[in-house]
Amino acid sequence: MIQPPRSNVANPPLPPGPTTYHPLGYMKAMTRDPLHFLHALALAHGGIAQFRAGFWPVYLVAGPAAIRHLLRDNPANYSKNTFTYRMARSVTGNGLLTSDGQEWHQRRRLLQPIFARDHIAHYDTQITAITNRMLQRWQEQTRPIEVSTEMTRLTLNIACKTFFDLDIAEEETGPVREAVLTLSHAFTQRFRSKLAPFWGILGFPPPSNPALSRAQATLTAVVDQAIHSLTQIETSAGNVLAHLIQTSD
């Protein structure tokens, strides 16, 4: 979902989409089951569709050609200054994913070498090895597997290895996994809150959440420890964090 493009064309035609006379539009459907709603919207109206959620017009871009046009060919014409991204910033901070404009370009340039072909091949090898270890563990188990928990563990193991070059033992992933799940839950709850439209309109942040603060502190401590460890040894920029440590801006 994006903010409407900045255009010099007066009153450009709107994409197709459903209509409703409800004062909050399709906000209830969005907050109740966003994946189902957006999937049905794309099936019914094609790769680009629009609808009203709360007090805002929302545009869904789902077609490959439209996504290429937006993200690759014309990114300067669109902004992340949207309700969804503002809600994400209240949970994750203003990082590469949520930053916009010149700030995003500066941060993206810092990370550009990480996406070189040889680095991608290196990450691919690591990801394959971690995934194979998980599959091997599955084959050795006789109890049912909780897929959601396993996918969270897999994601954390891959992220810690590729970002920080850290192999996290199973018993050490608990606090980190819980912190990530807490952040995810906080974003979902804030996005689905009945008061969310008013936060967006009035521009004030959602209420404080002690569990969210503890989760943010846990992840900050993990990153701080990884930075400390990398600065104590001679290392090449083989992972994202090592590259950032060696990069000056």
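What you see is a predicted model; the values in this text were computed from it and never measured. The first residue of the sequence shown is numbered 1, and numbering continues consecutively from there.
- Taking the side chain as every heavy atom from C-beta outward, Pro75 and Leu70 never approach each other to under 4.5 Å.
- Listed for the Asn74 side chain is a donor-acceptor partner under 3.5 Å among the backbone atoms of His69.
- By the criterion of side-chain heavy atoms lying less than 4.5 angstrom apart, applied directly or through intervening Ile, Leu, Val, Met, Phe, Trp or Tyr residues, Ile127 is grouped together with Trp138 in one hydrophobic cluster.
- Side-chain atoms of Lys161 never come within 3.5 Å of backbone atoms of Gln126 as a donor-acceptor pair (strictly under, hydrogens ignored).
- A salt bridge links Glu150 with Arg153; the closest basic N to acidic carboxylate O contact falls under 4.0 Å.
- Rounded to the nearest 0.5 Å, atoms CG (Asp33) and CG (Leu35) are 6.5 Å apart.
- If you take CZ on Arg32 and CE on Met27, they are separated by 13.0 Å, rounding to the nearest 0.5 Å.
- Arg89 places no side-chain N or O within 3.5 Å of a backbone atom of Gly95 that could act as its donor or acceptor partner.
- Residues that satisfy the salt bridge (charged side-chain N to carboxylate O under 4.0 Å, His left out) test with Arg68, not counting sequence neighbours, are Asp73.
- A donor-acceptor pair is defined here as one N or O able to donate and one able to accept, closer than 3.5 Å; such a pair exists between the side chain of Asn132 and the backbone of Thr128.
- Heavy-atom minimum distance, Trp104 versus Ser99: CA-OG, 3.6 Å.
- Looking only at side-chain heavy atoms (C-beta outward), Thr20 and Arg52 come within less than 4.5 Å of each other.
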side-chain contact (heavy atoms from CB on, under 4.5 Å) evaluation trace for Asn94 with Glu103 | CA-CA 10 Å; Asn94 194 30; Glu103 183 179 26; 3.0 Å; yes
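- The backbone N or O of Thr19 lies less than 3.5 Å from a partner atom in the side chain of Tyr26, making a donor-acceptor pair.
- No single ILVMFWY cluster, assembled from side-chain heavy atoms under 4.5 Å apart, contains both Leu181 and Val222.
- By the 4.5 Å heavy-atom criterion applied to side chains, Gln50 and Pro16 are not counted as neighbours.
- The two residues Ser79 and Asp100 come nearest to each other via the heavy atoms OG-OD2, 3.0 Å.
- Put simply, the side chain of Glu146 does not reach to within 4.5 Å of the side chain of Met151, judged on heavy atoms.
- For the side-chain hydrogen bond (donor to acceptor under 3.5 Å, both in side chains) condition, the pairs that include at least one residue of residues 212-225, sequence neighbours left out, are Gln225-Ser229.
- The closest side-chain heavy-atom distance from Val180 to Leu219 is below 4.5 Å.
- Put simply, CG on Asp124 and CZ on Arg117 are 12.5 Å apart, with the number rounded to the nearest 0.5 Å.
- In terms of hydrophobic clustering, with Ile, Leu, Val, Met, Phe, Trp and Tyr side chains grouped at heavy-atom distances under 4.5 Å, Ile158 and Val223 are assigned to different clusters.
- In the hydrophobic cluster analysis, where Ile, Leu, Val, Met, Phe, Trp and Tyr join through side-chain heavy atoms closer than 4.5 angstrom, Val58 is grouped apart from Ile48.
- The minimum heavy-atom distance between Lys80 and Leu96, with the atom names listed, is NZ-O, 3.7 Å.
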Assess whether side-chain contact (heavy atoms from CB on, under 4.5 Å) is satisfied between Leu154 and Thr131, documenting all intermediate values.
-> CA-CA 7 Å; Leu154 176 65; Thr131 304; 4.0 Å; yes
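- Separation of the Phe37 and Phe51 ring centroids falls under the 6.0 Å cut-off.
- No side-chain heavy atom of Arg133 sits under 4.5 Å from any side-chain heavy atom of Gln136.
- Between the Thr98 side chain and the Gly93 main chain, a donor and an acceptor come within less than 3.5 Å of each other.
- The backbone N or O of Leu212 sits less than 3.5 Å from a side-chain atom of Asn209, completing a donor-acceptor pair.
- For the residue pair Ile67 and Ala62, the shortest heavy atom distance occurs at CD1-O, 3.7 Å.
- Closest non-hydrogen pair, Ala179 versus Ala215, comes out as O-CB, 3.6 Å.
- Clustering ILVMFWY residues whenever any of their side-chain heavy atoms sit less than 4.5 angstrom apart, transitively, puts Leu97 in a cluster other than the one holding Leu71.
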